Amino acid sequence: MRPFWFLFLFITLVTSQSSPALKKPDNETIYKVSKQLCWGCIGESLQFLFAHNMVRAYKWELPLMWDSDLEKYARWWAGQRKSDCKAQHSFPEDDFKLGENIYWGSGSTWTPADAVSAWADEEKYYTYLTNTCEVGQVCGHYTQIVWRNTRRIGCARIVCDSGDVFMTCNYDPVGNYVGERPY
């Protein structure tokens, strides 16, 4: 019952900000919705969620909800990468049970917003009409963020032993099905 209440809240906030013609939600609206969808979240968790929901809002996709089980899984995987900071997915090739984006940054100052921004910047390589990514480029991180059926997210950020940053986000339900458009 609770997700429907949040859907109603999101629609109400979006439409109450609009004139007869719908306009894109503003940062404050998306922040308010994200904060309410991130029960008990603080700091980095809310930053991850807000940044993701900003990207989704511009494609009129429903906001993601924070999931503590996905966060635990992401924290576990980030912990596995602490010693080597290797940009490696948690699943064996072609055996993804969850959607997953990973990020590595040199130095310790990279934030959740930096990771989501890097993933979202891949939009410039994605062509909706052909549902393809530009040859030689990557756009699957972006399409996972805006995947229409994805509803939950959990992420983690860790400073590795090397002083660099590793971040990972997991998504459920998984996206990026071959032959399907994200939105």
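Sequence positions, counted from 1, serve as the residue numbers for this chain. Here the structure is a predicted model, which is why all the values come from computation and not from measurement.
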Peer 1: Please round to the nearest 0.5 Å and tell me the distance separating atom NZ of Lys82 and atom OG of Ser162.
Peer 2: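 That separation rounds to 9.0 Å.
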Peer 1: Measure the CZ-CD1 distance between Arg56 and Ile145 for me, rounded to the nearest 0.5 Å.
Peer 2: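 That separation rounds to 9.5 Å.
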Peer 1: Would a 4.5 Å heavy-atom cut-off, applied to side chains only, mark Glu134 and Thr127 as touching?
Peer 2: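 Glu134 vs Thr127: side chains apart.
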Peer 1: Let's go through Thr168 and Glu100 carefully: what are the C-alpha distance in whole Å and the side-chain angles of both, what is the deciding distance for side chain to side chain contact (heavy atoms under 4.5 Å, CB included) to 0.1 Å, and is it a yes or a no?
Peer 2: CA-CA 7 Å; Thr168 181; Glu100 184 172 71; 3.8 Å; yes
Peer 1: List the atom of Asp84, the atom of Gln80, and the distance in Å for their closest heavy-atom pair.
Peer 2: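 What the structure gives for the nearest pair is OD1-O, 4.3 Å.
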Peer 1: What distance do Glu28 atom CD and Ile30 atom CD1 have between them, rounded to the nearest 0.5 Å?
Peer 2: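 Between atom CD of Glu28 and atom CD1 of Ile30 there are 11.0 Å.
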Peer 1: Please determine whether side chain to side chain contact (heavy atoms under 4.5 Å, CB included) holds for the pair Tyr126 and Thr132, giving the CA-CA distance in whole Å, both sets of side-chain angles, and the decisive distance to 0.1 Å.
Peer 2: CA-CA 6 Å; Tyr126 177 70; Thr132 59; over 6 Å; no
Peer 1: Measure the spacing between CG of Asn170 and SG of Cys155 and express it to the nearest 0.5 Å.
Peer 2: 7.5 Å
Peer 1: What residue among Gln144, His52, Arg152 forms side chain to side chain donor-acceptor pair (under 3.5 Å) with Tyr171?
Peer 2: His52
Peer 1: Does any non-hydrogen side-chain atom of Trp77 lie less than 4.5 Å from one of Gln88?
Peer 2: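 A side-chain contact under 4.5 Å exists here.
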Peer 1: Verify whether the ring centers belonging to Tyr73 and Phe91 lie closer than 6.0 Å.
Peer 2: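 So the answer is yes for these two rings.
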Peer 1: Can you name the nearest heavy-atom pair linking Ala156 to Ala78, along with the distance?
Peer 2: CB-CB, 4.1 Å
Peer 1: For Lys86, I'd like to know if atom NZ has over 12 heavy atoms of other residues, nucleotides or ligands within 6.0 Å.
Peer 2: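 At most 12 heavy atoms, drawn from other residues, nucleotides or ligands, come within 6.0 Å of this atom.
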Peer 1: Stepwise, does the side chain to side chain contact (heavy atoms under 4.5 Å, CB included) test hold for Arg157 with Phe48?
Peer 2: CA-CA 10 Å; Arg157 175 188 180 275; Phe48 276 117; 4.3 Å; yes
Peer 1: Might you work through the side chain to side chain contact (heavy atoms under 4.5 Å, CB included) test for Asp67 and Asp172, ending with a clear yes or no?
Peer 2: CA-CA 9 Å; Asp67 186 288; Asp172 185 57; over 6 Å; no
Peer 1: Is it true that Ile158 and Trp104 fall in one hydrophobic cluster, defined by side-chain heavy atoms closer than 4.5 Å?
Peer 2: no
Peer 1: How far does CD1 of Ile102 sit from NE2 of His141, to the nearest 0.5 angstrom?
Peer 2: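 Separation between the atoms: 6.5 Å.
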Peer 1: Return the OG to CH2 distance between Ser117 and Trp119, rounded to the nearest 0.5 Å.
Peer 2: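 Answer rounded to 0.5 Å: 11.0 Å.
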Peer 1: Is the closest side-chain heavy-atom distance between Tyr125 and Val138 below 4.5 Å?
Peer 2: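 Contact flag for Tyr125/Val138 side chains = no.
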Peer 1: Indicate the atoms forming the closest heavy-atom contact of Asn149 with Pro173, along with that distance.
Peer 2: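 For Asn149 and Pro173, the tightest heavy-atom pair comes out as O-CD, 3.3 Å.
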Peer 1: Over all heavy atoms of both residues, which pair between Ile153 and Leu49 is shortest? Give the atoms and the distance, please.
Peer 2: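 That would be CG2-CD1, 3.7 Å.
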Peer 1: Take atom CD in Gln137; do more than 12 heavy atoms of anything else shown fall under 6.0 Å from it?
Peer 2: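 Buried by this count: over 12 neighbours within 6.0 Å.
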Peer 1: Are Val146 and Tyr58 packed together at the side-chain level, in the sense that at least one heavy-atom pair is separated by less than 4.5 angstrom?
Peer 2: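 The answer is no, as the side chains (C-beta and beyond) never meet within the 4.5 Å cut-off.
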Peer 1: Considering all heavy atoms of both residues, which atom of Ala118 and which atom of Tyr103 are nearest to each other, and what is their separation?
Peer 2: CB-CE1, 3.8 Å
Peer 1: In residues 174-183, what donor-acceptor pairs under 3.5 Å come from side-chain atoms, sequence neighbours left out?
Peer 2:
{"from": "Asn176", "atom 1": "OD1", "to": "Thr143", "atom 2": "OG1", "distance (Å)": "2.5"}
{"from": "Asn176", "atom 1": "ND2", "to": "Gly140", "atom 2": "O", "distance (Å)": "2.9"}
{"from": "Arg181", "atom 1": "NE", "to": "Tyr128", "atom 2": "O", "distance (Å)": "2.8"}
{"from": "Arg181", "atom 1": "NH2", "to": "Tyr128", "atom 2": "O", "distance (Å)": "3.3"}
{"from": "Arg181", "atom 1": "NH2", "to": "Leu129", "atom 2": "O", "distance (Å)": "2.5"}

Peer 1: Nearest heavy-atom pair of Trp110 and Gly105: which atoms, and what distance?
Peer 2: NE1-C, 3.3 Å
Peer 1: For Asp114 and Thr111, indicate whether the former's side chain and the latter's backbone hold a donor-acceptor pair under 3.5 Å.
Peer 2: yes
